[in-house]
Participant: 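Below you will find the structure I want to go over with you.
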Amino acid sequence: DEGAKRAFVRAGSALGIAIAGMINALNPQAVVIVGGGSSAYPLLEPEIEKQLKVRAFPAALENFKLLKCTLGNDAALLGGAALLKEALQ
């Protein structure tokens, strides 16, 4: 569906612009795409990468990694459970 493809291009572009701003301001080593975005990662990633190459400082991109969460929509739930377990030990 062409409309769906355009939506993913726009979403990936917006994410890429936002992530490039974070890279330029905070210089993180990595950004992890989580939740529903991780399910759509193959559709979002090309446009995210395109925006990063155009907008992020090249030196900041040298060691930067864009990662996809493998936990999907359960990432926040599992992270919260891990924190609770750690707090109770």
Participant: Salt bridge (Lys or Arg N to Asp or Glu O under 4.0 Å) with Lys5: which residues, sequence neighbours excluded?
Facilitator: Glu2
Participant: On a heavy-atom basis, which atom in Ser39 and which in Pro42 lie closest, and how many Å separate them?
Facilitator: O-CD, 3.9 Å
Participant: If every non-hydrogen atom of Ala20 is compared with every non-hydrogen atom of Ala56, which pair is closest and at what distance?
Facilitator: CB-N, 4.0 Å
Participant: Apart from Leu66 itself, what residues make up its hydrophobic cluster, given side-chain heavy atom links below 4.5 Å?
Facilitator: Phe8, Leu15, Ile19, Met22, Ile23, Val31, Ile33, Tyr41, Leu43, Leu44, Ile48, Leu52, Leu61, Phe64
Participant: Side chains of Arg6 and Arg10: does their closest heavy-atom pair fall under 4.5 Å?
Facilitator: no
Participant: Run the numbers on Glu45 and Glu49 for side chain to side chain contact (heavy atoms under 4.5 Å, CB included), then give the verdict.
Facilitator: CA-CA 6 Å; Glu45 190 264 341; Glu49 291 286 351; 2.9 Å; yes
Participant: Without swapping roles, check the side chain of Asn24 against the backbone of Phe57 for a donor-acceptor pair under 3.5 Å.
Facilitator: yes
Participant: Taking all non-hydrogen atoms of both residues into account, name the closest pair between Cys69 and Ser38 and its distance.
Facilitator: O-CB, 3.5 Å
Participant: How close do Ile17 and Gln51 get, counting heavy atoms only, and between which atoms?
Facilitator: CG1-OE1, 3.6 Å
